[in-house]
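All ligand and atom numbering here is 1-based and tracks the order in the structure. Worth saying up front: this structure is predicted, and the values here are computed from it rather than measured. When reading the values below, keep in mind they use all heavy atoms of this one structure, side chains included, and skip hydrogens, waters and symmetry mates.
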Amino acid sequence: MSNPDMKLVVVGAAGRMGQTLIRTIHAMPGVTLSAAVERSGSAFIGRDAGEIAGLGPTGILVTDDPLRAFVEAEGVLDFTAPAASVEFSGLAAQARIVHVIGTTGCSPADEARFAAAARHARVVKSGNMSLGVNLLGVLVQQAARALPAAGWDLEILEMHHKHKVDAPSGTALLLGEAAARGRGIDLQTQSVRVRDGHTGPRPEGTIGFATLRGGSVIGEHSVILAGEGETVTLSHSATDRSIFARGAVTAALWARSQKPGYYSMLDVLGLTA
Ligand code: NAD
């Protein structure tokens, strides 16, 4: 007998990703929207979640009571803000449900809270939930291993819409981590996040980041390996936010049958080495 539809809560329901998640849940088999949550004081509280997402009425009214929503659900899809995701991770652990976290810009202290919550909840977190970017990460790791740091400089370029609040993007950092794994180095100590003024020559072996912001760009990433006389570029373009939302729903369905723990999209997609 097949499982009944998985009941999912969307937090940050009125946001760019929140609205996309509501439409994606509506379109995908095996899942159903059980609640939609926004922050207290939001003008969207009490409004129909389907109408906000452009679907027409669903009868699910946006609430600011996440715990009540979580105890009646099997999973929560969370693309909000770091402080909110930390709060939701505690509540998801209490309710012992799946917590899919797409929020970026989280600090090491936030990560520690997610890891603690993952003792009770099934947490899937990734700076990018799309199949294409996660595959790109695997390819970047291979390229960084194959093309040695002595002779091949590695730079990561990204562009996003003008409303984005964190930099570099979670995806750029995901790709940087993949490159660092390939090179066997620590990204924290070996990355150059900003260049300005008289910087001197490029330190060998570092991973450089460049951030562009503007317009409505959903997400452009390039990993450039620059050698003497040749350049290799690996890139990804996101043209529709539904790629992240479909990945998040796939992650929730996958995590439904897992033990409590802290997982990534590589685990969900079976792309771990
Ligand atoms: P957004 O600002 O449009 O939406 C965020 C929503 O969260 C807002 O509606 C806000 O009111 C709500 N929110 C904030 N605090 C809340 C709280 N305490 N309770 C309930 N709701 C709360 O932003 P966005 O473009 O949708 O992006 C959201 C996050 O997702 C960002 O961190 C972004 O970088 C990330 N993101 C990740 C991926 C991925 O694949 N991992 C893809 C796209 C975006």
Any side-chain donor paired with an acceptor under 3.5 Å for Thr63 and Asp65?
->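 Looking only at side-chain atoms, Asp65 and Thr63 do not form any donor-acceptor pair under 3.5 Å.
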Indicate whether any N or O donor in one side chain lies under 3.5 Å from an N or O acceptor in the other, for Asp64 and Ser42.
->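 Result is no, nothing qualifies.
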Tell me, please: is [X] in heavy-atom contact with ligand 1, that is, under 4.0 Å?
X: Gly170; value: no
X: Ser42; value: no
X: Phe44; value: no
X: Val11; value: no
X: Gly105; value: no

More than 12 heavy atoms of other residues, nucleotides or ligands under 6.0 Å from [atom1] of [X]: yes or no?
X: Arg181; atom1: CZ; result: yes
X: Lys164; atom1: NZ; result: yes
X: Arg256; atom1: CZ; result: yes
X: His120; atom1: NE2; result: yes

Pick one of side chain, backbone, both or neither for how [X] approaches ligand 1, counting any non-hydrogen atom pair under 4.0 Å.
X: Thr80; answer: both
X: Ala13; answer: neither
X: His163; answer: neither

Give yes if a backbone or side-chain nitrogen or oxygen of [X] is under 3.5 Å from a nitrogen or oxygen of ligand 1, and no if not.
X: Lys164; result: yes
X: Ser130; result: no
X: Glu87; result: no
X: Thr103; result: no
X: Gly127; result: yes
X: His161; result: no
X: Met17; result: yes
X: Gly15; result: yes

With sequence neighbours excluded, what pairs up with Thr206 under the side-chain contact (heavy atoms from CB on, under 4.5 Å) test?
->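 Residues passing side-chain contact (heavy atoms from CB on, under 4.5 Å) with Thr206: Gln190, Val192, Arg202, Pro203.
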Quick one: nearest non-hydrogen protein atom to [atom], plus distance?
atom: atom 5 (C) of ligand 1; answer: Phe79 O, 3.9 Å
atom: atom 40 (O) of ligand 1; answer: Met129 N, 2.8 Å
atom: atom 15 (N) of ligand 1; answer: Ala84 CB, 3.7 Å
atom: atom 2 (O) of ligand 1; answer: Arg16 NH2, 3.7 Å
atom: atom 7 (O) of ligand 1; answer: Gly12 CA, 3.5 Å
atom: atom 34 (O) of ligand 1; answer: Thr104 OG1, 2.6 Å
atom: atom 35 (C) of ligand 1; answer: Gly102 O, 3.6 Å
atom: atom 10 (C) of ligand 1; answer: Glu38 OE1, 3.6 Å

Keeping [X] on the side-chain end and [Y] on the backbone end, is there a donor-acceptor pair under 3.5 Å?
X: Asp48; Y: Gly59; answer: yes
X: Thr199; Y: Arg195; answer: no
X: Asn134; Y: Ser130; answer: yes

Among Val100, Val11, Val10, Val123, side-chain contact (heavy atoms from CB on, under 4.5 Å) partner for Asp78 |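 Of Val100, Val11, Val10, Val123, side-chain contact (heavy atoms from CB on, under 4.5 Å) with Asp78 is met by Val11 alone.
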Under the side-chain hydrogen bond (donor to acceptor under 3.5 Å, both in side chains) rule, collect the residues that match up with Thr189, sequence neighbours excluded.
->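 With neighbours one apart ignored, the set is Asp186.
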Atoms in ligand 1 flagged as close to Ala14, the criterion being non-hydrogen separation under 4.0 Å |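 Within the 4.0 Å cut-off of Ala14, ligand 1 contributes 9 (O).
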Do Glu38 and Arg47 meet the salt-bridge criterion of a basic N to acidic O distance under 4.0 Å?
->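 No salt bridge links Arg47 with Glu38.
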Full working for side chain to side chain contact (heavy atoms under 4.5 Å, CB included) between Phe114 and Cys106 | CA-CA 10 Å; Phe114 300 142; Cys106 300; 3.9 Å; yes
Give, for atom CD of Gln19 and atom CZ of Phe44, the distance between the pair rounded to the nearest 0.5 Å.
->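 Answer for the CD-CZ pair, Gln19 versus Phe44, is 7.0 Å.
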